[in-house]
2 protein chains.
Amino acid sequence: MEVRRATIKDVAEAAGVGVATVSRVLSGGSASPETRERVLAVAAHLDYRPSALGRNLRQRRTGGMGLFVPDLTDTFYGQLAEGVLACARSAGEPVVLGSTGDDPEQEAELVGMLLEQGVDRVIAVPSGGAETWGPAIKAGMTVVFADRLPSDPSTDVRPPSPSDEGSGAASVSDLMLLDGLPPAPRARPLDVPAVLADDRAGIRTAVRYLRGLGHRRIAFLGGPGHGRRVAAFREAVGAPVDEGLVVFATGSRDSAYAAASGLFQSRPDLTAVVTGGNVLGEAAVLAARELDLRVPRDVSLVMYDDVPWAELCSPPLTVIAQPGRDMGYRAAELVMRAGSRRPRSVLLPTELIVRGSCGPRH
Amino acid sequence: MEVRRATIKDVAEAAGVGVATVSRVLSGGSASPETRERVLAVAAHLDYRPSALGRNLRQRRTGGMGLFVPDLTDTFYGQLAEGVLACARSAGEPVVLGSTGDDPEQEAELVGMLLEQGVDRVIAVPSGGAETWGPAIKAGMTVVFADRLPSDPSTDVRPPSPSDEGSGAASVSDLMLLDGLPPAPRARPLDVPAVLADDRAGIRTAVRYLRGLGHRRIAFLGGPGHGRRVAAFREAVGAPVDEGLVVFATGSRDSAYAAASGLFQSRPDLTAVVTGGNVLGEAAVLAARELDLRVPRDVSLVMYDDVPWAELCSPPLTVIAQPGRDMGYRAAELVMRAGSRRPRSVLLPTELIVRGSCGPRH
DNA sequence: ATGAAAGCGCTAACAA
DNA sequence: TTGTTAGCGCTTTCAT
């Protein structure tokens, strides 16, 4: 029983006015009180809902926004998405979701899909770099990065400049840690606003905490997009960095487990590890258990991201909490406001939540 | 630097053909090989991408599908969403995401939003009942339910008929457990295909397993949408059901914790509990720890949903696993195929994964 | 204050 | 095989 929806024309006819008048009334334009009332009444009676299709075509853009995350089974991205959705809902805007699997190619395809759909705003936890996002921006998209910046392979391993210390907000070029490099031979970094957690402070606090517990051989276990975190780690532990203690996995849980297990086995001398994300934290707990390493007696553990199950572990995990939901909400605000005002990036605070997974060095 | 995208007209002019020809070529219609080639070349050269806006308006429907879940921070729904996205991506279709918070009102609003957007297909983990979904269907939407069926208050507590025993697929009316009731005085149940896990078998297996361990006072801790699961539980334990052992929480983590804690305190005689979802499992672990109940020594625990962190618990949690990702994928298939063929519902198998959270009764 | 009319980019019917 | 044309539902000048 396919029911044709009422169109603006139907309303106009039923109300005895022109379509333009209906359009005006419904979008708050000027109209005589009595006309307005009649139109409103008729519209309500016919259960009229303006079609976004017509409006979008006319305005040559779809409302709403895209949201790209690497993996929705990672609780942190679930939190982020909830934040975006909450903000979008309060504005009545649809959100088109894409899961990139940390794969720049899939991400690029998804960007193409948005373009095709006329969705010109997107919040992304980026997997690709300038080769994806440059074209998107040139095509007129408003993009806001969340949680991380496009990984620039050459910066992932570069130490940060001391200049962005303590800034409450940071431009992308600050955040990309490019300062001090001759900018000439490189492409200009993308000028895209971003909503990030203060990884630097979070990692620094964690490392200092572990140091205070007597730990000297502290490892970092990272994954895709943890470039800024590992940079912060290097800075926090100070040169010379023991490179055998810095290990990376790809995005999958298997890879995370392999990396964690490999780390524990290759460096039995380590006494503490900081993980760049919750999936890696999970892997570290599992690998430690498998290798009969006691937490925190044999190895202390700090995990980036607070997730509900961190408290369930035995012992409960000490974590660097970042406000995932807030980050999503703020990012959605930014992407919606863009245009009216050039948005600045946002740096949100992190917090070290001490539970039971760290102990004094033995 | 706003760049106007090339339109079909641009391509037509540049290729020296009519717009219809371009449209035909691009949608695989008939055209002479040489024309086709020329059009394709020009289109590629102009970086032409057909605008979904124009097509949608013309066809009076938007492509893609909606996806409604209660809460993306619940890992199970993250898995489900990943499945939907995987299927949609392989078809190049956009997915509009909505998080309902288990609130029928929000859900109804989201349905309205989809309608407005011209999205006429939706996969939903439903929160509301016929009052939401009836109108949606009457408006011409294709809807597929996933994970659960609209809760019918009067059926939530009703025992199932024995007739759907072992069926590999089930119609919604079977699944709504309405059989044996006089259908006359009630509204006809929604005739909507669904992708569900075989809760009944899963719960039955779990209860039998606990029984085998000697447990007699087994509790059920449920949440929104766990109507079929509690029905299965009642059936599995058999009459008379000790109603003090059947407890429900609302969707929030706080409520889940309160319910779990309340259950343990009001019924210290229970020796095992089955939870209807992973958030409730989490709450049960936390509440048990808080009350100094040892798992599995003092209380055995079986959680519905397998999630990565189930293995991290001490002891690792025995779970009823359901294939979240597959469920999402199948649901997306169903909603996309609908129209060509009347889709049947799908019942996917569950599996009891025995880890360490159950022990013999003490 | 209001209506008529021109499209937005596309597809589908109809002609040629 | 191809081109012409008529809209899809809406917003937005431009007259009135």
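Numbers restart at 1 for each chain; the letters A, B, ... are given by sequence-line order, proteins then strands.
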(request) Please determine, by modelled atom types, if A:E82 and B:S99 share a side-chain donor-acceptor pair under 3.5 angstrom. (result) yes

(request) Using a strict cut-off of less than 4.0 Å between a Lys/Arg side-chain nitrogen and an Asp/Glu carboxylate oxygen, indicate whether B:R121 and B:E93 qualify as a salt bridge. (result) yes

(request) In plain terms, say whether B:R49 and B:D10 are close enough for a salt bridge, that is, a side-chain N and a carboxylate O under 4.0 Å apart. (result) no

(request) Rounded to the nearest 0.5 Å, what's the gap from CG on B:D147 to CG on B:L348? Could you check? (result) 11.5 Å

(message) Taking the side chain as everything from C-beta on, heavy atoms only, tell me whether B:L26 gets closer than 4.5 Å to B:V39.
(response) yes

Whole-Å gap separating [atom2] ([N]) and [atom1] ([X]):
| X | N | atom1 | atom2 | result |
| --- | --- | --- | --- | --- |
| B:R60 | C:dT11 | CZ | C1' | 13 Å |
| A:K9 | C:dA5 | NZ | C1' | 13 Å |
| B:L115 | D:dG9 | CG | P | 14 Å |
| A:I8 | D:dG7 | CD1 | P | 18 Å |
| B:N56 | D:dC10 | CG | P | 14 Å |
| B:L53 | C:dT11 | CG | C1' | 15 Å |

(message) Both B:G54 and A:P33 contact DNA chain C. Which one's nearest nucleotide lies toward the 5' end?
(response) A:P33

(request) State, to the nearest 10°, the angle formed by the axis through the first five base pairs of the helix from C:dA1-D:dT16 to C:dA16-D:dT1 and the axis through its last five. (result) 40°

(message) Tell me whether the side-chain N/O atoms of B:R58 come closer than 4.0 Å to OP1 or OP2 in C:dG9.
(response) no

(request) Tell me whether the OP1 or OP2 atom of D:dT11 has a side-chain N or O from A:R55 closer than 4.0 Å. (result) yes

(message) Counting only heavy atoms not in B:R89 (residues, nucleotides, ligands), do more than 12 fall under 6.0 Å from its CZ?
(response) yes

(request) Could you please spell out the steps behind the side-chain contact (heavy atoms from CB on, under 4.5 Å) verdict for A:V143 and A:I137? (result) CA-CA 7 Å; A:V143 4; A:I137 290 160; 3.6 Å; yes

(request) Choose from C:dC10, D:dT2, D:dT12 the nucleotide whose nearest atom is closest to any side-chain atom of B:S51. (result) C:dC10

(message) Tell me whether the rings of B:W133 and B:F68 are parallel (<30°), tilted (30 to 60°) or perpendicular (>60°).
(response) tilted

(request) Have a look at B:L57 and say if it touches a base, only the backbone sugar-phosphate, or nothing, with a 4.0 Å heavy-atom cut-off. (result) base

(message) Among residues 12-32 of chain A, which ones have heavy-atom contacts with DNA chain D below 4.0 Å?
(response) A:A20, A:S23

(message) Determine whether a donor-acceptor pair (N or O, by modelled atom type, separation under 3.5 Å) exists between the side chain of B:R5 and the backbone of A:E116.
(response) no

